[in-house]
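A short worksheet on the structure shown next.
Here the structure is a predicted model, which means the values were calculated and not measured. Each chain gets a letter, A, B and so on, in the order the sequences are listed, and its residues count up from 1. Every heavy atom of this structure was used, including side-chain atoms; hydrogens, water molecules and symmetry mates were not.
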There are 2 protein chains.
Amino acid sequence: MPLTGDATPPLDETARAILDAASRRFLHYGYGKTTMSEIAGDCNMSTGNLYRYFPSKLDIAEAFVRRLRAEQIRMLREAVGKSGLSTQDKLRTFFKLKLKLVYDRFHDRPKAYELSQEILKERPSFADEWERAESRVLCEVLEEGEGAGELALCDRNRTARILQDIFFRFASSSVYYEGEYDVLAGELDDVMDLVWDAFEHRKELSIR
Amino acid sequence: MPLTGDATPPLDETARAILDAASRRFLHYGYGKTTMSEIAGDCNMSTGNLYRYFPSKLDIAEAFVRRLRAEQIRMLREAVGKSGLSTQDKLRTFFKLKLKLVYDRFHDRPKAYELSQEILKERPSFADEWERAESRVLCEVLEEGEGAGELALCDRNRTARILQDIFFRFASSSVYYEGEYDVLAGELDDVMDLVWDAFEHRKELSIR
DNA sequence: GTATTGAACGCTTTAGAAAGCATTCAGTTC
DNA sequence: GAACTGAATGCTTTCTAAAGCGTTCAATAC
């Protein structure tokens, strides 16, 4: 099986240098105010040569966001991988961390946030990929939960999708006002409590 | 008690004429391409006189969206008011109709859709009002459900808010592609099934 | 043959001027 | 004096020409 499916295909050394240079500029000045000749200059090469490594500027941005995603998936996987956590805690941790990551990116790296929003709008298939990558992590948690007898589901993939629908609000790009984080985290807890009650109910039904 | 809380304060006859004229133009040409002198012309009056009835152009737009809201709330209330519907069906109907109303507005009256989005962004307090108006309808359904012994909740208002969080995805403005309605409606059903299982579980707990 | 260059092309963004618009208010009407 | 007018104000949008930028490719380097 492929390692995780979240990993970016490994990059040429030159390609990585280009991506690193572009990333620095994207973070400081944003996508729109970064030019191909600046990136080329940072790498001591000509603009034309950039196109030997990336088909377009937007693809450099996608590679940038791909890294963000890989990092986020890694952190989510790590957070739910801790032993000693119940399945409920894992699910709660998953969505709370996801909220926190988006919230922090919005406040601390606004340029990165904008860029990822832009790419997700411009490249719907990439957005799907991201959702599927998270779905995979969720499915693992659900599978473990079933193994431990904490859950009884009819369809893990479907359940993961339902969870993503339910928690959509907490990853949604509606402006995150200062101080809103605690309110959102509180509401997330309420929603998680409800979800877990549903899971309990389904487990009981399956036992009978 | 006030009638519903959703009603707009009654309008002067002249104010209504202004709003009617503005509405026609908003629907056909959009907010930005409608000018105050056009509205005034339609009403056979001068631009200055408009300001005796509305503080600004944006307030005319707000009044327009206020009507949309009143109509939507009325339809939601009517849909869940049908006798013979279980509480589960009422909740399902509520959120499904809401999805349909937003979806249809997006496709059939795009200018009205844009305008309402604009107002909701520009006037957060109005967005809150809208949410509270829907919350009131939800609370009525929940209250009836409790009366009929179909539900046992600890806090109706809180539950209504949780439901709004959970179904946020289905009223969210992410672009509605052609044909996506059926997919969304299907996912909504899955989410509703899960919510109802949670309610069942809570009822059972409260009985014991 | 592979890697790289940089001038050339056409599309997009920008800057600055002109036009248009929302809003105001001194004055008019009834 | 309540309802209304329309010219004046200053902000915003539109227009247009110029500059800037992403992208290409024939030529160059190695």
*Spacing of B:Tyr31 atom OH relative to D:dT13 atom P, expressed in whole Å*: 11 Å
*Aromatic plane relationship, B:Tyr103 with B:His107 - under 30° parallel, 30 to 60° tilted, over 60° perpendicular*: tilted
*Do the non-hydrogen side-chain atoms of A:Leu151 and A:Glu144 ever get within less than 4.5 Å of each other?*
no
*asked:* Pair B:Arg24, B:Asp42 - check salt bridge (charged side-chain N to carboxylate O under 4.0 Å, His left out), show working.
replied: CA-CA 10 Å; B:Arg24 279 190 297 274; B:Asp42 292 347; 5.5 Å; no
_Protein-nucleotide distance (B:Asp12, atom CG; D:dA2, atom C1'), rounded to Å_ = 13 Å
*Report the distance from atom OH of A:Tyr51 to atom OG of A:Ser56, rounding to the nearest 0.5 Å.*
7.0 Å
*Mind checking the NZ-OG1 spacing from B:Lys90 to B:Thr93? Nearest 0.5 Å is all I need.*
9.5 Å
Would you tabulate the pairs of protein nitrogen or oxygen atoms and nucleotide nitrogen or oxygen atoms of nucleotides 26-30 of chain C closer than 3.5 angstrom?
none

*asked:* Expressed as a whole number of angstroms, how long is the span from B:Tyr51:OH to C:dC21:C1'?
replied: 9 Å
*Are B:Lys82 and B:Asp89 ion-paired here, with the side-chain N under 4.0 Å from a carboxylate O?*
no
*Closest heavy-atom contact between A:Leu99 and A:Phe170?*
CD1-O, 3.2 Å
*Decide yes or no on salt bridge (charged side-chain N to carboxylate O under 4.0 Å, His left out) for A:Asp193 and A:Arg92, but give the supporting numbers first.*
CA-CA 9 Å; A:Asp193 290 341; A:Arg92 196 181 297 271; 2.7 Å; yes
*asked:* Generate the contact string for nucleotides 1-7 of chain C. Rules: B means base contact, S means sugar-phosphate contact only, - means no protein heavy atom under 4.0 Å.
replied: --SBBBB
_Inter-residue atom distance B:Glu122.CD - B:Leu58.CG, 0.5 Å rounding_ = 6.0 Å
_If only side-chain N and O atoms count, and only distance matters, is there a donor-acceptor pair under 3.5 Å linking A:Gln164 with B:Arg169?_
no
*asked:* Check B:Glu71 with B:Arg67, please: is the shortest side-chain N to carboxylate O separation under 4.0 Å?
replied: no
*Going by heavy atoms closer than 4.0 Å, what residues in residues 33-42 of chain A are next to DNA chain D?*
A:Thr34, A:Thr35, A:Met36
*Contacts to DNA chain C from residues 116-124 of chain B, heavy-atom cutoff under 4.0 Å, which residues?*
none
*For B:Lys57 and C:dG20, what is the distance between atoms NZ and P respectively, to the nearest whole Å?*
15 Å
*List in chain and number order the residues that pass side chain to side chain contact (heavy atoms under 4.5 Å, CB included) with B:Glu150, two or more places apart in sequence or in another chain; answer none if no residue qualifies.*
B:Ser86, B:Thr87, B:Ala148
_With the threshold set at under 4.0 Å for non-hydrogen atoms, list the residues of residues 22-29 of chain A touching DNA chain D in residue-number order._
none
_Regarding A:Arg74 and A:Glu78, does a basic nitrogen lie under 4.0 Å from an acidic carboxylate oxygen?_
yes
*So is A:Lys100 actually on top of A:Phe95's ring, under 6.0 Å and inside 45° of the axis?*
no
*If we only count heavy atoms from C-beta on, is the A:Arg156 to A:Leu138 side-chain gap below 4.5 Å?*
no
